[in-house]
Amino acid sequence: MTNPAATARLAGRREWTAFTVLVLPLLLVSMDVSVLYFAIPAITRELDPSATQQLWIFDSYAFALSGLLLTMGSLGDRIGRRRLLLIGATAFGLASVGAAYATSAEMLIAARVLLGIGGATLMPSTLALIRNLFQDAKQRGQAIAIWSGVMTGGIALGSVMSGLMLNHFWWGSVFLINVPAMVLLLILVPVLVPEFKDPAPGRFDLLSVPLSMAAVLPVVYGLKEIAAEGFEPLYLGSVAVGLAVGYVFVRRQRSRDDAMVPRALFAHRGFGAAIGLNTIAAFAMMGSAYFTTQYLQSVLGMGTLEAALWSLAPSVVIGAAAPVSAVLAQKTKRAYVIAGGFVLAAAGFALISLVGDDSLWLLLTGAGVLASGLVTVMSLVSDMALGSAPAEKAGSAASLLETGQEFGGALGMALLGSLGTAVYRSDLADSEPAVRETLGGAVATAQQLGGAAGEQVLALAREAFVHGMQYAAWGGTALLLGAAVLAAALMRGIEAPAPAAAGPAPIPGDGVQEPTYN
């Protein structure tokens, strides 16, 4: 029998150039998660949003993105991943213009929703196209490693880019930076990227669209609010409703041949394990970010731009971690590298647990070690999930991977954030309600009091916050060490599956020259 790995076609200059183009929308979508950090004061002055509207300006993008990932992944498999990418890029560019020139809070919220919808088309499309462009397992692993690093770095870069733009231009400029990139994408993708889609996708299951959204959105909303407000009955109820609808959604997927989440994805036992481990990694990534950003601003007293610039420091090691992990996975068993990534990330959390009231470099070192371990895990399990999925279902596989990431991130902020908050409030049990509620409230109270009294309140609050962060870091350390054991058990005997010879062939015609592989 012919070994598929031996006959897999190697990607050449054209494919790597196409990959570079595909990374561009990923960078912008991840940047849009954090691009409003600096712009919100200017937006508040110009558009005068209510407190509720201000929250929706932030959250509507993430909700639309997470709620539609499954739908868009399945849709891309049916109509073509390149076609969906071009539709999404057009929507993302137009929505960026609408957001930049919004004249009311309602208009800005609507534009942010459209940005989220566009983002939901771009993310699974780019990852699925990478699966199709790179048939050689080694090259695919390298490409996905870079993809994972870009996605992680984009979130940190968004806030910095926002601050730099606002130093010179008005608040709408943070959205207009998307437009030239989307125009470039619309020009280059038809030239460089061939079309791929499922040749026999079956009927599109329309009922699963609202079911998937009703399963994802209440859970993400509830977890985000629990992170901010605590375990209130309304938010717990929201999570419970989402899980109940999710149960109905899963039952429907298991009973239909044309399911939005095809059963064929789980034929390889590495797929489900990869989704679960990726969710745990996202849990730790976002859970740690909940504390590090507050520490830089409210404990060390940095301005927002200064804090954002310092938060880029760990990206130096993150950029090297993903490619190195891809090389290691070729030289030793993947299970060992994934488990090692979790152990490395646990060491990062352990360093963060040692951070005191003035430990900038220890915090940055811990954050860098943590992120390096998690990017190692995320790049390898993403490659495993995509490589084990049938090529014609790559869009659905990518969307499921990213939906799990959204769940994990929200859960990490909720649980680790709640643990840190519980310790903070316990330490300040005898303080005034505003001080006891959040560190931000304590900072505001200290500024109002001024003098020695204000300094004393601020010192106690900072000490309590650091104490809570230490407990959360210990919890994260234990979780990641457990995940390392779980990864070694789940991934034992599972190596990267042999690539399909080509997956579905590029769709001929459609105005695209057939790719030349060098």
Side-chain angles (χ1 to χ4, degrees), residues 9-32 68-69 71-98 114-115 117-136 139-140 143-144 146-147 150-151 154 175-199 201 204 386 391-399 402 502-518:
R9 187 167 50 193
L10 290 176
R13 185 172 53 215
R14 185 187 183 102
E15 285 76 20
W16 283 107
T17 304
F19 169 73
T20 303
V21 174
L22 291 175
V23 165
L24 187 60
L26 170 69
L27 180 64
L28 293 173
V29 169
S30 56
M31 282 173 57
D32 257 50
L68 285 169
L69 280 170
T71 298
M72 294 306 180
S74 179
L75 186 62
D77 287 343
R78 285 166 166 78
I79 70 170
R81 290 148 203 166
R82 190 192 65 180
R83 179 175 298 170
L84 185 64
L85 178 67
L86 294 174
I87 292 171
T90 302
F92 202 83
L94 292 175
S96 296
V97 175
L114 291 176
L115 281 168
I117 295 172
T121 68
L122 296 173
M123 292 186 71
S125 296
T126 56
L127 194 51
L129 285 168
I130 290 170
R131 165 68 174 87
N132 295 124
L133 286 171
F134 297 96
Q135 298 161 27
D136 177 72
Q139 289 186 322
R140 187 183 63 237
I144 291 176
I146 297 170
W147 188 92
V150 169
M151 182 182 63
F175 297 107
L176 286 184
I177 58 177
N178 296 330
V179 176
M182 289 300 148
V183 171
L184 186 64
L185 191 73
L186 291 171
I187 294 171
L188 294 180
V189 164
V191 177
L192 295 171
V193 181
E195 181 64 286
F196 295 92
K197 64 181 179 181
D198 188 344
F204 188 69
L386 287 176
E392 65 273 13
K393 304 296 183 185
S396 297
S399 66
E402 288 159 2
I507 304 302
D510 212 21
V512 180
Q513 180 184 353
E514 287 293 316
T516 301
Y517 295 95
N518 300 319

message: Nearest 0.5 angstrom please: Thr20 OG1 to Ile146 CD1, how far?
response: 8.0 Å

- prompt: Heavy-atom distance under 4.5 Å between the side chains of Glu402 and Pro124, does that happen here?
  reply: yes

field: Value rounded to 0.5 Å, distance of CG in Leu85 from CD in Glu195
entry: 9.5 Å

task: Measure the CD1-CD1 distance between Ile130 and Ile144 for me, rounded to the nearest 0.5 Å.
output: 6.5 Å

message: Measuring only between side-chain heavy atoms, which start at C-beta, is Pro194 closer than 4.5 Å to Leu129?
response: no

message: Ignoring hydrogens, what is the shortest heavy-atom contact between Ser396 and Ser74? Give both atom names and the distance.
response: OG-CA, 3.7 Å

Partners passing side chain to side chain contact (heavy atoms under 4.5 Å, CB included) against Val179 (at least two apart in sequence or in another chain): Ser96, Val97, Leu176, Val183

Non-hydrogen atoms of Leu386 and Arg131 that approach each other most closely: O-NE, 2.8 Å

- prompt: Leu115 versus Phe175: any side-chain heavy-atom pair under 4.5 Å?
  reply: yes

task: Would you confirm whether Arg81, through its side chain, and Ala128, through its main-chain N or O, come within 3.5 Å as a donor-acceptor pair?
output: no

field: From Thr121 atom OG1 to Leu68 atom CG, the distance as rounded to the nearest 0.5 Å
entry: 9.5 Å

query: Counting distance only, does the side-chain N/O of Arg82 pair as donor-acceptor with the main-chain N or O of Val189 below 3.5 Å?
result: no

query: Which class fits the ring pair Phe134 and Phe19: parallel under 30°, tilted 30 to 60°, perpendicular over 60°?
result: perpendicular

message: Under the criterion side-chain contact (heavy atoms from CB on, under 4.5 Å), I'd like the reasoning laid out for Thr126 against Val23: C-alpha separation, chi angles, the key distance, then a yes or no.
response: CA-CA 7 Å; Thr126 56; Val23 165; over 6 Å; no

statement: Between the CG atom in Leu122 and the CE atom in Met182, the distance rounded to the nearest 0.5 Å is 5.5 Å

- line: Looking only at heavy atoms, the pair that brings Val21 and Leu188 closest together is CG2-CD1, 3.9 Å

field: Residues in side chain to side chain contact (heavy atoms under 4.5 Å, CB included) contact with Leu94, at least two apart in sequence or another chain
entry: Thr90

statement: Taken to the nearest 0.5 Å, the spacing of Ile79 CD1 from Leu84 CG works out to 5.0 Å

